[in-house]
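Input: a single structure, listed below in structure tokens.
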Number of protein chains: 2
Amino acid sequence: MARVGLTTERLVRAGADLADEAGFDQVTASALARRFDVKVASLYSHVKSSHDLKTRIALLALEELAELLAGALAGRAGKDALTAYANVYRDYAQEHPGRYAAAQLRLDPETAAASAGGRHADMARAILRGYDLAEPDHTAAVRLLGSVVHGYVSLEMGGGFSHSAPDTQETWSRILDALDALLRNWPA
Amino acid sequence: MARVGLTTERLVRAGADLADEAGFDQVTASALARRFDVKVASLYSHVKSSHDLKTRIALLALEELAELLAGALAGRAGKDALTAYANVYRDYAQEHPGRYAAAQLRLDPETAAASAGGRHADMARAILRGYDLAEPDHTAAVRLLGSVVHGYVSLEMGGGFSHSAPDTQETWSRILDALDALLRNWPA
DNA sequence: GTAGTTTGCCTAAATATTTTAGGCAGCGTA
DNA sequence: TACGCTGCCTAAAATATTTAGGCAAACTAC
């Protein structure tokens, strides 16, 4: 009985890869066991349940995204920062669709509080420092920013834009231009 | 053997109700069979597969939304129309979270083409008639509108906004104000 | 009203996933 | 080398998906 060397870490990472290749909903304990050529029950020493596994993949994705965001935003401000922020999400979703889908998993409050999700919000607020908005417009702007980016990325991923004429890169640029203009010129 | 009177129609509608009550991912053939007090295999005379059932629920939700949109937009223009449009989605997601989740299901191209999804896009384009945008800004604006609404609604549903200060109704209004301002003043 | 056809819902059965319980052997440690 | 820990195993129960084939209820026609 050769030991494969399973670890929670390795399982989660392999689960994330599987999600990217086959879709987040294809991430099951059985599929993962097959991938490691191991019996399903063996996973349960490293992961509490199938839901636990999915949650850990979500946390990994949130962590990776936060890392990328921090890197992309360092030294940038204004529209430069805005573009970098938005592109981190879009590029990540393109390269890691399964991980991105995992990041949308609804977490229970305690888990969410301990996740990297808070850093995402911090990052969005940091960008808006380059614009001149006081509360409560500030919060509205943060939420608008998050909504546009998440909404666009998920509609694009879901094929919602496939039929109309201009390519999505073109409209994406224009939308970022428009967002920048809006933030510089927020209505009273 | 009393006949219950199953129909594809009744199954889909009950599935949609179940989705609203328990979540779209709880919609399974077995759960639905329990609800009708019928053996699982009996459903397969009315529905090709579990996936077929989910697809039909998605189509129902898209249809209902298109209906609501048409009603809400009739006789409105400009910001009035914009607000009505956005609120249809938000209110629908609030009242029918399972149906709204179903509407996000990725459909294969032919199914999507035959769905009410096209009418959604038409509706969005109709709203922008009240503003003055030429291609390719027009398409960008349509996609921005869809992204904001879908993004905001799904982040709000997912609890992404629960911790910050202003209530979501407040920021929602401000975001619609900002969107209106942006559309009236789209950057060159 | 009865005979014949359709079909709705059934039983039976194969396959897949999730999860728990308990056992054996490999690995590090004393 | 002997001990203990624990990684991966077998076994088994519960639930979900799907197909095949059967019986009886409901519609159609005379």
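Lettering of chains follows the sequences in order, A, B, ..., and the numbering in each one begins at 1. Here the structure is a predicted model, which is why all the values come from computation and not from measurement.
- Going from atom CG of A:L6 over to atom C1' of D:dC9 covers 12 Å, rounded to whole Å.
- Contacts with DNA chain C (heavy atom under 4.0 Å) in residues 45-58 of chain A: A:S49, A:S50, listed by number.
- Between A:S42 and D:dG7 there is no side-chain N or O to OP1 or OP2 distance below 4.0 Å.
- As a whole-Å value, the separation of B:F36 CZ from C:dC10 P is 12 Å.
- For residues 11-18 of chain B, proximity to DNA chain C is found at no residue, defined as any non-hydrogen atom under 4.0 angstrom from a strand atom.
- The side chain of A:V38 lies closest to D:dC9 when the candidates are D:dT18, D:dC9, C:dC10.
- Considering only side-chain atoms of B:S30, the nucleotide from C:dT18, D:dA16, D:dT18 that sits closest is D:dA16.
- Of all nucleotides listed (D:dC8, D:dC9, D:dA16), D:dC9 comes nearest to the side chain of A:K39.
- Under a 4.0 Å N-O distance rule, the pair A:D122/A:R125 qualifies as a salt bridge.
- An OP1 or OP2 oxygen of C:dT17 is reached within less than 4.0 angstrom by a side-chain nitrogen or oxygen of A:R34.
- Under the 3.5 Å distance criterion, with hydrogens and angles disregarded, a donor-acceptor pair is assigned to the side chains of A:Y100 and A:H150.
- Under the 3.5 Å distance criterion, the side-chain polar atoms of B:D20 are left unmatched by any main-chain donor or acceptor of B:E95.
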Given A:S147 and B:F161, is the side-chain contact (heavy atoms from CB on, under 4.5 Å) satisfied, shown in steps?
CA-CA 11 Å; A:S147 299; B:F161 294 155; 4.0 Å; yes
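- Applying the side-chain hydrogen bond (donor to acceptor under 3.5 Å, both in side chains) definition to pairs two or more places apart or across chains, those involving residues 74-86 of chain B are B:K79-B:D177.
- Under the 3.5 Å distance criterion, the side-chain polar atoms of B:H138 are left unmatched by any main-chain donor or acceptor of B:L128.
- For the pair A:D17 and A:R13, the salt-bridge criterion is not met [side-chain N within less than 4.0 Å of a carboxylate O].
- Rounded to an integer number of Å, the gap from A:R10 CZ to D:dG7 P is 13 Å.
- At a cut-off of 3.5 Å, with distance as the only test, no side-chain donor of A:Y152 or A:T168 sits close to an acceptor on the other residue.
- Taking atom OH on B:Y44 and atom P on C:dA12, their separation rounds to 19 Å, with Å as the unit.
- Distance, B:L43 CG to D:dT18 P: 11 Å, rounded to whole Å.
- Atom CG in B:D25 sits roughly 14 Å away from atom C1' in D:dA16 (whole-Å rounding).
- Residue A:A41 is classed as a base contact, given a heavy-atom separation below 4.0 Å to a base.
- In terms of modelled atom types and a separation under 3.5 Å, the side chain of B:T7 and the main chain of B:E9 share no donor-acceptor contact.
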